[in-house]
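On a predicted model such as this, the values are computed, not experimentally measured, just so you know. Just so it is clear: chains get the letters A, B, ... in the order the sequence lines come, proteins before strands, and each one is counted from 1.
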2 protein chains.
Amino acid sequence: MDDSRPEGEAEQGAHGDRRAQLVDAAVDHVAAHGIADLSLRGLGAAIGVSHRMLIHYFGSKEQLLVEIVRTSERRQRDVLSRIRLEPGLSPADVARLLWHQLTDPRLAGQERLFFEICGHALRGRPEAVPVLEGLVTDWLEPLVAAEVAAGAEPAAARNRARLGLATVRGLLLDLLATGDRAGVDSAMEEFLRLYYGSQ
Amino acid sequence: MDDSRPEGEAEQGAHGDRRAQLVDAAVDHVAAHGIADLSLRGLGAAIGVSHRMLIHYFGSKEQLLVEIVRTSERRQRDVLSRIRLEPGLSPADVARLLWHQLTDPRLAGQERLFFEICGHALRGRPEAVPVLEGLVTDWLEPLVAAEVAAGAEPAAARNRARLGLATVRGLLLDLLATGDRAGVDSAMEEFLRLYYGSQ
DNA sequence: TGCAGCATGTACCAATTGGTACAGTCATGA
DNA sequence: TCATGACTGTACCAATTGGTACATGCTGCA
C-alpha cells in the first residue's frame, strides 16, 4: 500500500473534487447500465480511468457503492426540491407537477436505479441497506406537512401521505415496466380524483 | 459433453421430476438469499447437489435462472388463486383478504424476490425481462373483471384496477422496507375507504 | 536544478466464476 | 451375468473479479 490514503471520509480538499467528479460519472453510468453487475474495470473504462484509480479514491468497491447509492439518493431528493410552488396551485396541481417531474423520460434511468437499489437493500446488501431507513420516512415528512397544511388531521394525514407515496411508486414501477404513459397517467388522474375529491 | 442432453425444454419424463424438484429447492433458496449473487456452487451446496448437476439439468446458469423466475412467478400468482370467494363478501372485503394473504410474513422472502426480479427485469436481464410483459397485464385482467362486476364502466374499471394494483405494490414495498405493519395497514384502510367509498 | 508528494498506469495475484472432460455408480432388462 | 444408459461426483480450465506492488509521470516549491 503506497497510497497516501485519501479513502478516508475526508470529502474536502483538492482531491475531493476529483472524487466527487468520479462519483458523479459513476452514478451516470450506473443509472444507465445498472448497479448489479458493476465491475471496477468496466466502470473505469466507461468513465475514462483505470480501475486502480477507483480503488485509490474510494478504498474499495464497497465504499464506492456506498457513495454511488448516497449520491443517487441525493439526486432523487433533488427532484422534489426542484418543483416551484407557485401560489394558487391546488394540492392536486402540486401532485400533478411532482408526478410530471418524476416521470420525465430523462429520469427513467435514475428511477430504474431506484428500484434496483431497493431490491438490493431488501436483500441486506450493506451498501444499500441505509436506504431502507429513509425510503419512507424521509418522504413522509414533507407530505404529511402538506396534508396538514391542506387541513387534514395529523393522524389521517400520516395515512394519506403514506398512501400517496406508495401509489406514486407503484405507478412509477408500472410505467417503467410497461412504458404505457397514457394508461398510467389515467390511473394517476383517477387517484387524484379519489384522493383530493376534485371532480 | 457426455450428457444425453436433458436440458431441452422437455418438462416431462422421469428426470423432469428431479428437475422440478431442483427448481423448487432453488426458488426456496433464492427467496431466502436473493438472486443477485447466486452462484451455481453456492446454490448446489445449499440444496445438496454439485454445481455439475445444475448444469446437467438446466444446461446453463441462464436457463436455470429462467426456470427460477418462471416458478417464482407461478407461486406469486397462486397467492391470488388461493383466496376463497365466499358469498356475501363486499369488494372491499375481498381486497382486504387479498392484502392479508399478500402480506403474510411467510411470503416475505417471496415478495422481496419479486421486487428483486423487477429490478433485474428493468435492467434488461434476459432471464427476468419476460416478467415485464405480465407484470401489469396479467394482474389487470382479473381486477378489471372484478371492477366491471361491481358496476364500474369498462374504461374507468381499467384505470381503477391499475391504480389498485399499483397501490398494493407500493404499500408492499413500504412494508418490506419499514416492517411497520400497523402503519401500512392503516394506509391500506385509508385507500379502501377512498376506493370503495365505504364508511 | 532537484526534491517531495500526489496522481496515474502496468503488471500482477489469489479467489471465484460458469462450464467441460472424464470417470464412477447403480438400476434395469436381455 | 453383463451391458446399456441415466445419474452424479471430481478434477480441471479459461475468464473475470477485487485488490496490491511497483514504477512513472507531473506539479509546485526551495
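Residues forming a salt bridge (charged side-chain N to carboxylate O under 4.0 Å, His left out) with B:Arg158 (at least two apart in sequence, or on another chain): none. Considering only residues two or more places apart in sequence or on other chains, A:Phe191 meets the ring pair (Phe, Tyr, Trp, His ring centres under 6.0 Å) condition with A:Tyr195. Every residue meeting the side-chain contact (heavy atoms from CB on, under 4.5 Å) condition with A:Asp180, not counting sequence neighbours, appears here in chain and number order: A:Thr178, A:Ala182, B:Arg162.
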Where along nucleotides 10-16 of chain C does protein come under 4.0 Å, by heavy atom, of base (B) or sugar-phosphate alone (S), with - for untouched nucleotides?
BBB----
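Annotation: side chain to side chain donor-acceptor pair (under 3.5 Å) contacts involving residues 129-140 of chain A, sequence neighbours excluded, comprise A:Arg77-A:Asp138. Residues in residues 18-54 of chain B take part in these ring-ring contact (aromatic ring centres under 6.0 Å, His included) pairs, two or more places apart or across chains: B:His29-B:His33.
If you take OH of A:Tyr57 and C1' of C:dG9, they are 13 Å apart, rounded to a whole angstrom. Summarising the geometry, the separation between CG on A:Leu43 and P on D:dT17 is reported as 12 Å, rounded to the nearest angstrom. Rounded to whole Å, the distance from NZ on A:Lys61 to P on D:dT17 is 9 Å. Protein atom CD1 of B:Ile55 is 16 Å distant from nucleotide atom P of D:dC7, rounded to whole Å. The interatomic distance linking A:Leu54 (CG) with D:dT20 (P) rounds to 14 Å, in whole Å. The NE2 atom of A:His56 sits 14 Å away from the C1' atom of D:dG25 (whole-angstrom rounding). Atoms CG (B:Leu64) and P (C:dT17) sit 14 Å apart, rounded to a whole Å. A straight line from CG of A:Asp37 to C1' of D:dG18 spans 15 Å, rounded to a whole angstrom.
With D:dG19, C:dG9, C:dG19 as the candidates, the nucleotide lying closest to the side chain of A:Met53 is C:dG9.
Using a 4.0 Å heavy-atom cutoff across all strands shown, A:Leu38 reaches sugar-phosphate atoms only and no base atom.
Looking at B:Thr71, its side chain never comes within 3.5 Å of a backbone N or O of B:Ile68 through a donor-acceptor pair.
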